J.: 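Submitted below is the structure of interest, expressed as structure tokens.
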Number of protein chains: 2
Amino acid sequence: MTVASPRHPSRPGRAGRLSPLELRHVIRRPSQPRERGIPEATVARLPLYLRALNGMAERGLATVSSEDLAAAAGVNSAKLRKDLSHLGSYGTRGVGYDVEYLIYQISRELGLTQDWAVAIVGVGNLGRALANYGGFVSRGFRVAALLDADPEVVGDHIAGLNVEHIDELEAVIGQRGVSIVVLATPAAAAQQVADRVVAAGVTSILNFAPVVLSVPEGVDIRKVDLSIELQILAFHEQRKTDRMTGGPAMADEWPEAVDL
Amino acid sequence: MTVASPRHPSRPGRAGRLSPLELRHVIRRPSQPRERGIPEATVARLPLYLRALNGMAERGLATVSSEDLAAAAGVNSAKLRKDLSHLGSYGTRGVGYDVEYLIYQISRELGLTQDWAVAIVGVGNLGRALANYGGFVSRGFRVAALLDADPEVVGDHIAGLNVEHIDELEAVIGQRGVSIVVLATPAAAAQQVADRVVAAGVTSILNFAPVVLSVPEGVDIRKVDLSIELQILAFHEQRKTDRMTGGPAMADEWPEAVDL
DNA sequence: GTCCCTTTGTGAACCCATGCACAAAGTGGG
DNA sequence: CCCACTTTGTGCATGGGTTCACAAAGGGAC
């Protein structure tokens, strides 16, 4: 999907004429030139809103209320409105938000109006799955390289790309303008690769390896750990079944002390 | 790895004798029988500590200070101590925490001393990767079934398992005691599968499909969305490069208003 | 036993996030 | 033009999470 740059819907054709009210808006803007402090929690939800909005655009909806959009994204409507208010005042009271316009504004805020070259390092099962994952290209991300250390997989063709040797890492990053690296290597190799990637100038890493990476100040790391997610589920599942069967097994320490 | 049930290290062989101090501990326990309110943020970090501790146990460390463990897990030491204090008072002042004992306590709290049967629904690239992911079995999770709707993949052998048809879903869940389901289906199928899974009695779902699932009260859902993670990275990356080049492109709305 | 050193466990202050509730602002009908 | 209705944007209260800083507790030397 390509993101166009539509005009604000509530000011369609009236190019020159602005009411006193509109003037107030425009004049107040410079004093608050887009708060450069969007809360992290809000940023994490913007992609969610974006996805819901894209679905609505496909179904042909022109506008949407905070109530409906919040329901589609699975959040509270007050939270949604507060989140959107951090980007600016893009709604119309009594009507709602213009779907296309809001898609554009969120996309711009997230930096999706440009396209990002991504390199995937580690072409095992997971790396392969990521390379084939359709959700990337559709949102401004382009897989620009697949790299691996194993001579066995180097040269394979996956998702239309040639798997290159890890020795090419720095060259690939420099030449293809890679700014985001996805780490899907074994845990043991991750830190080493991360060091090289950072040295090559990359400051955004998505890490799938189950290790805590140490990187210099200014480098952003997000991590996805499949087994951690399962462990959190197991915790809640245990609590639920405990409650049914009447408390935990009470296999606490010091069993001898209970006899007192 | 199997988690044994070691005795508390500071009370090794002295079975019957307890000092007044130890008695105080034991007696106070029932009045606070393990706070059944461990903060969510803490639960999310316990797997991290567990992983770090396992690494230390493999390297033969007997005890570890909160400072060292926190560094290994990539968190603040005060946070680590507060997190652990929610489980109970398992450290020894002046010494630190006994590695094996803490592994046992965290494992027990997370419910990893039992093993969980997991079913993976959707055997595309991602499902395949998950099935082969070693991090599951090593932590109390056992992949008990792989299910898919595509007759093309049904019957395939992946990671030692036979891919079964989605029609078997309810039977498999019931017969093999599946309590956690991993959804790796296309987005369009996810809600439908979720409904069936919930109807079959499952209350814990790990969702990889990029949709907001709606489930009844009491069902826990965790979601992992690869493209959302990338979008968050893109946001920060954009901010970083904006700062270098001196502010954003300022492609704001109402370009005509700027002329005033 | 006493002293000193190390490290835990936690009170308290602070910060961020959530959600309520409502005034402000816009639409549409008559 | 006026009124009734809808929906946004936000002030404020509440709560949870993080961090600091320190008293309490244990170990070890002598």
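As the structure is a computational prediction, the values presented were derived from the model and not from experiment. Below, read A as the first sequence line, B as the second, and so on, with proteins coming before strands; counting in each chain starts at 1.
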J.: Taking CG from Leu84(A) and P from dT8(D), how many angstroms apart are they, rounded to a whole number?
T.: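 To the nearest whole Å, that distance equals 9 Å.
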J.: Between dG26(D) atom C1' and Tyr90(B) atom OH, what is the distance in whole Å?
T.: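 After rounding, the gap between these two atoms is 19 Å.
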J.: Who passes side-chain contact (heavy atoms from CB on, under 4.5 Å) against Gln192(A), sequence neighbours left out?
T.: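 For Gln192(A), no residue satisfies side-chain contact (heavy atoms from CB on, under 4.5 Å) once neighbours in sequence are set aside.
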J.: Taking N or O atoms only and anything under 3.5 Å, show me the protein contacts with nucleotides 15-18 of chain D, one pair per line.
T.:
residue : atom : partner  : partner atom : Å
dT18(D) : OP1  : Arg45(B) : NH1          : 3.0
dT18(D) : OP2  : Arg45(B) : NH1          : 3.3
dT18(D) : OP2  : Arg45(B) : NH2          : 2.8

J.: For nucleotides 2-6 of chain C, list the nitrogen or oxygen atoms of the protein found under 3.5 Å from its nitrogen or oxygen atoms, one pair per line.
T.:
none

J.: Using atom CG of Leu87(A) as one end and atom P of dG9(D) as the other, report the distance to the nearest whole Å.
T.: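 These atoms are roughly 10 Å apart.
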J.: Donor-acceptor pairs are to be reported for all side-chain atoms of residues 211-223 of chain A against protein atoms at under 3.5 Å, with residues two or more places apart or in another chain.
T.:
residue   : atom : partner   : partner atom : Å
Asp220(A) : OD2  : Lys240(B) : NZ           : 3.2
Arg222(A) : NE   : Glu229(B) : OE1          : 2.5
Arg222(A) : NH2  : Glu229(B) : OE1          : 3.2

J.: Strictly below 4.0 Å: does Ser66(B) bring a side-chain N or O up to OP1 or OP2 of dT7(C)?
T.: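 Answer is no, no contact under 4.0 Å.
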J.: Going by heavy atoms in the side chains, are Leu46(B) and Phe235(A) under 4.5 Å from each other?
T.: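 Not touching, per the 4.5 Å side-chain cut-off.
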J.: Mind checking what makes salt bridge (Lys or Arg N to Asp or Glu O under 4.0 Å) contact with Arg81(A), not counting sequence neighbours?
T.: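 For Arg81(A) there are no salt bridge (Lys or Arg N to Asp or Glu O under 4.0 Å) partners, ignoring immediate neighbours.
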J.: Can you tell me the distance, in whole Å, between the CG atom of Asp98(B) and the P atom of dG26(D)?
T.: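 Taking CG of Asp98(B) and P of dG26(D), I get 16 Å after rounding.
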J.: How many whole angstroms separate atom CG of Leu69(A) from atom C1' of dT6(D)?
T.: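 Rounded to the whole Å, the gap is 17 Å.
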J.: Would you say Ser89(B) reaches dG9(C)'s phosphate, i.e. side-chain N/O to OP1/OP2 under 4.0 Å?
T.: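 Yes.
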J.: Answer yes or no: is there a side-chain heavy-atom contact under 4.5 Å between Val118(A) and Leu206(A)?
T.: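 The answer is no, as the side chains (C-beta and beyond) never meet within the 4.5 Å cut-off.
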J.: For Tyr101(A) and Gln105(A), does a side-chain donor sit closer than 3.5 Å to a side-chain acceptor?
T.: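 Yes, a side-chain donor-acceptor pair sits under 3.5 Å.
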J.: Looking at Tyr97(B), does any N or O in its side chain come under 4.0 Å of the phosphate oxygens OP1/OP2 on dG9(C)?
T.: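 Yes, because at least one side-chain N or O of Tyr97(B) sits under 4.0 Å from OP1 or OP2 of dG9(C).
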J.: Indicate yes or no: at least one non-hydrogen side-chain atom of Asp98(A) is less than 4.5 angstrom from one of Thr92(A).
T.: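 When only atoms from C-beta onward are counted, Thr92(A) and Asp98(A) do not touch, as no gap falls below 4.5 Å.
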J.: Check side-chain contact (heavy atoms from CB on, under 4.5 Å) between Asp195(A) and all other residues, then give those that pass, not counting sequence neighbours.
T.: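 Expected list: Gln191(A).
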J.: Could you state the CD-P distance from Glu67(B) to dT19(D), rounded to the nearest angstrom?
T.: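 So the CD-P distance, Glu67(B) to dT19(D), works out to 13 Å.
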J.: Would you say the side chain of Ser204(A) lies within less than 4.5 Å of the side chain of His236(B), judging by non-hydrogen atoms?
T.: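 Side-chain contact under 4.5 Å: no.
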J.: May I have the distance from Arg81(A) (atom CZ) to dG19(C) (atom P), rounded to whole angstrom?
T.: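 Going from CZ in Arg81(A) over to P in dG19(C) covers 12 Å.
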